[in-house]
Amino acid sequence: MRDRSAELPPECWELIFNFLDHHRHFESLSLVSTQFLSITNHLRRSLIISSQTSPFLPNLFQRFPNLKGIEIREFDGDLNFLLHQISNSGLDLESLTLSSQDHFPLMGLRELGLRMRNLRKLSCSEMNCLQDTHLFEIGNSFPLLEDLNISFPQYNSRFDPIGSLDLQCFSGIVTDEGITHLSMKLKSLLKIDLSGNQFISDKSLQFLSENCLLLREIVIRECDFITQNGIGSVMRRCINLNYISVDGIGIPSIELYFQESFVFAKNLSEVNLSHSFISDELLSSIADACLPLKKLTICHCYDFTFVGVSYLLYKYQFLEYLDLEGANFLTDESMIDLCEFLRKLTFINLSLCSKLTSLTFFMLVSNCSLLKDVTLERTNLGVEEFLVDFGINPCVMSLNLARNESLSDECIKKIAFCCPNLQELKISHCPTITEEGIREVLRSCGEIRHLEMNHCSGIKCLDMDFELPKLEVVQAEGPVLDDEALMMIAKRCHGLLQLDLEGCLNVTIKGVNEVVQSCMRLREINLKWCDNVKVDIIPRMVFSRPSLRKIIPPCRFIPTDKQNKFFLRHGCLVCKG
């Protein structure tokens, strides 16, 4: 048969493939022809390396010559040797993630710095025993870094007999000296996350603001020795600053210097003050600063009232992102007033606002025509019954309504009617929703791709007489589904990519086999704690479904080295149960 793909030049196919939203779609395309295989290999930009994939690195680097980002995850081998391999791969990396490693690969990063001078982004978050000498090496090796994450280093701390922290047990820590060195070396730095570095002070912020003149984003959470005055000085000195995230503000009180610093941050468009004691006066200062504010997060904050937040939202009616989680003073009546200022919103989080009912949800959907993402966990959604018809909002794509114990079938049906283009729905821990409600949601919202219904005790089966070709992810942890439900998923959801059945005691090998045989694109399945699924199905799953890339088996299954090699040869990672 003639290869019709050869009629277009590769450049045209590259433009077409670039419209795909994720490289997972490249796999099926690569099977069409050798030309498509070559094109998709050259378009791949990112790679995750684990202990299981490391033996295949030479072949992977040769297959994907244009990789720009590498993430090292769940790797327990020689990290320095791995970085040596990456350094000699011929790649020109721009991004490297080394998060959650048990040691800092000093020699490996030094060699990488000699070969890959164009590295722009480096993440070393949750690195064990991160210290100043490591920061010295980062600054010397990667002078063009623009984005650095050194948040929440892990230290194997010990306590002396009277319960005090014994600092001598540390092999080293991050101090102002390390941050100062970074600031002098990284002149192109745009973003930095310093969260969790307990021993740095305002001095670090002073040197960053003096030396990193291009700094745009800074995150400073759980840094006990950084004060409000230090944060205020950053806002006053960094004229390009457009994002700041801090916590613990207002303990013991809000400093006037900090409060008045917002007027100097003329480019500040995103502010996160979560877990702070803020006041109406502080919110008024932010409001009067006339910032180009687009995103505001003040979740789990205290000491402010409806007056303060109302004035701020009145001033920033162009706000696109609003997180008020835990603002328990909010009521349906107060939300009626606030909705007048929220016309431009695309995201809102009102979780843990326990006085809010369904009325607030339908007001938001009706009045905020640009709204795409709504989070309303642990509210009184479903309590309020009403007869008023609310408008349809075709823009809403994602709803997180988890842990609403009063959310009923009738309410979720109305929600689905108002959001016909819904793509993601989370209703975990909603015990009063039954299969009738979820069936009508799926019938009304044919665009749904992601469904989470973990521990929904009212859902036992999924009796559907319609297809769900776009549904890709189903999470149904807990004793929710049985074999009949899995057979219905296998029959109706042929595009399924990921299935999470952790703790589903009512499923057996029969239902799992139906899904594996029918869902030809299935990539991940979680069977942890599925005690009635026999473990001997695992090899058959890997062999019979070539698309599978990750299996979490029942807890009784521990693959041997020989089995692991067999699974990996088929492209599937089987974790320990």
Side-chain angles (χ1 to χ4, degrees), residues 94-95 120-123 125 144-151 179 182-183 186-195 197 200 202 204-223 226-249 257-276 278 282-299 301 309 312-324 341-342 344-349 370 372-373:
E94 296 177 357
S95 172
R120 296 294 192 272
K121 181 177 181 180
L122 178 63
S123 177
S125 65
L144 298 181
L145 270 186
E146 297 176 354
D147 188 339
L148 178 61
N149 185 344
I150 52 171
S151 62
I179 303 300
L182 280 177
S183 72
L186 305 182
K187 299 299 185 180
S188 300
L189 194 65
L190 302 177
K191 306 176 183 179
I192 189 167
D193 190 340
L194 302 171
S195 300
N197 284 282
I200 63 174
D202 290 349
S204 291
L205 300 188
Q206 175 188 343
F207 278 94
L208 282 170
S209 58
E210 289 177 355
N211 296 323
C212 302
L213 301 180
L214 301 178
L215 194 64
R216 296 179 185 174
E217 300 184 13
I218 187 165
V219 183
I220 324 162
R221 310 190 69 80
E222 298 185 31
C223 297
I226 287 181
T227 70
Q228 297 177 50
N229 287 340
I231 297 167
S233 68
V234 170
M235 289 193 288
R236 290 169 183 252
R237 292 174 178 173
C238 296
I239 60 174
N240 295 305
L241 195 69
N242 59 32
Y243 173 77
I244 189 165
S245 177
V246 298
D247 64 356
I249 298 300
Y257 179 82
F258 170 75
Q259 184 170 309
E260 294 177 346
S261 296
F262 283 93
V263 73
F264 295 90
K266 297 298 184 182
N267 293 307
L268 202 58
S269 60
E270 299 182 38
V271 175
N272 185 338
L273 301 176
S274 300
H275 300 276
S276 295
I278 61 178
L282 175 61
L283 295 181
S284 295
S285 296
I286 297 174
D288 293 335
C290 298
L291 305 172
L293 199 62
K294 297 294 184 182
K295 294 185 178 182
L296 176 65
T297 300
I298 48 176
C299 67
C301 288
V309 75
L312 186 144
L313 295 178
Y314 166 73
K315 286 284 192 172
Y316 294 111
Q317 297 189 32
F318 44 80
L319 207 64
E320 297 174 359
Y321 181 108
L322 178 62
D323 189 340
L324 289 170
F341 312 138
L342 306 178
K344 300 295 184 180
L345 271 192
T346 60
F347 171 93
I348 190 167
N349 179 10
L370 302 178
K372 295 180 180 179
D373 194 329

Open item on the list: My understanding is that only residues two or more places apart in sequence, or in another chain, count here; which of them pass side chain to side chain donor-acceptor pair (under 3.5 Å) with Ser125?
Closed with: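 Once residues adjacent in sequence are excluded, the partners of Ser125 under the side chain to side chain donor-acceptor pair (under 3.5 Å) criterion are Ser99.
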Task: Residue list, side chain to side chain donor-acceptor pair (under 3.5 Å) with Ser261, at least two apart or on another chain - done: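 Only Arg236 meet the side chain to side chain donor-acceptor pair (under 3.5 Å) criterion with Ser261.
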Open item on the list: Test of understanding: with ring pair (Phe, Tyr, Trp, His ring centres under 6.0 Å), list the residues that count as partners of Tyr316, not counting sequence neighbours.
Closed with: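 Residues passing ring pair (Phe, Tyr, Trp, His ring centres under 6.0 Å) with Tyr316: Phe318.
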TODO: Return the set of residues passing ring pair (Phe, Tyr, Trp, His ring centres under 6.0 Å) with Phe264 (not counting sequence neighbours), or none when no residue passes.
DONE: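 Not a single residue meets the ring pair (Phe, Tyr, Trp, His ring centres under 6.0 Å) criterion with Phe264.
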Minimum heavy-atom separation for [X] and [Y], please, with both atom names.
X	Y	result
Val309	Ile298	CG2-CD1, 4.4 Å
Arg216	Leu241	O-CD1, 3.3 Å
Leu214	Asn240	CA-ND2, 3.9 Å
Leu293	Val271	CD1-CG2, 3.7 Å
Gln317	Lys344	O-CG, 3.5 Å
Ile150	Asn197	O-ND2, 3.0 Å

Rounded to the nearest 0.5 Å, how far apart are [atom1] of [X] and [atom2] of [Y]?
X	Y	atom1	atom2	value
Lys187	Leu213	NZ	CG	7.0 Å
Phe262	Met235	CZ	CE	4.0 Å
Leu268	Glu217	CG	CD	10.5 Å
Leu215	Leu190	CG	CG	7.5 Å
Leu370	Leu342	CG	CG	11.5 Å
Ile200	Cys223	CD1	SG	4.5 Å

Under 3.5 Å, which donor-acceptor pairs link side chains of residues 283-292 to any protein atom two or more places apart or in another chain?
| from | atom 1 | to | atom 2 | distance (Å) |
| --- | --- | --- | --- | --- |
| Ser284 | OG | Asp280 | O | 2.9 |
| Ser285 | OG | Gln259 | NE2 | 3.1 |
| Ser285 | OG | Glu281 | O | 3.1 |
| Asp288 | OD1 | Tyr311 | OH | 2.6 |

- [ ] Determine the interplanar angle of the Phe341 and Tyr314 rings, folded into 0 to 90°, and report it as parallel if under 30°, tilted if 30 to 60°, perpendicular if over 60°.
- [x]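 Geometry flag for Tyr314 against Phe341: perpendicular rings.
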TODO: With side chain to side chain contact (heavy atoms under 4.5 Å, CB included) as the test, would you mind laying out the steps for Leu182 and Phe207 before giving the verdict?
DONE: CA-CA 9 Å; Leu182 280 177; Phe207 278 94; over 6 Å; no
Open item on the list: Does Asp147 form a side chain to side chain contact (heavy atoms under 4.5 Å, CB included) with Leu122? I'd like the steps, not just the answer.
Closed with: CA-CA 6 Å; Asp147 188 339; Leu122 178 63; over 6 Å; no
TODO: Check Ser183, Ser188, Cys238 against Cys212 for a side-chain contact (heavy atoms from CB on, under 4.5 Å) and give me the one that passes.
DONE: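 So, applying the side-chain contact (heavy atoms from CB on, under 4.5 Å) to Cys212 and each of Ser183, Ser188, Cys238, only Ser183 qualifies.
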TODO: Go through the structure and list residues passing side-chain contact (heavy atoms from CB on, under 4.5 Å) with Leu144, not counting sequence neighbours.
DONE: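 In terms of side-chain contact (heavy atoms from CB on, under 4.5 Å), with neighbours along the sequence ignored, Leu144 is linked to Asn118, Arg120.
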Task: Residue pair Ile231 / Ile249, side-chain heavy-atom distance below 4.5 Å - done: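 In short, these two side chains touch, coming nearer than 4.5 Å.
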Open item on the list: Just so I know, are the side chains of Leu312 and Leu296 near enough to count as touching, which here means a heavy-atom distance under 4.5 Å?
Closed with: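 Answer yes - side chains close enough.
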Task: Derivation and outcome, side chain to side chain contact (heavy atoms under 4.5 Å, CB included), residues Asn149 and Val219 - done: CA-CA 9 Å; Asn149 185 344; Val219 183; over 6 Å; no
- [ ] Answer yes or no: does atom CZ of Arg221 have more than 12 heavy-atom neighbours from other residues, nucleotides or ligands under 6.0 Å?
- [x]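 Yes.
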Task: Leu273 and Leu282: CA distance, side-chain angles, deciding distance, side chain to side chain contact (heavy atoms under 4.5 Å, CB included) verdict - done: CA-CA 11 Å; Leu273 301 176; Leu282 175 61; 4.2 Å; yes
Task: Side-chain (Ser276) to main-chain (Gly248) donor-acceptor, under 3.5 angstrom - done: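 The answer is yes, because a donor-acceptor pair under 3.5 Å joins these two groups.
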Task: Check: Asn229/Thr227 side-chain N/O donor and acceptor closer than 3.5 Å - done: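 No, because no side-chain N or O of Asn229 sits under 3.5 Å from a partner of the opposite role on Thr227.
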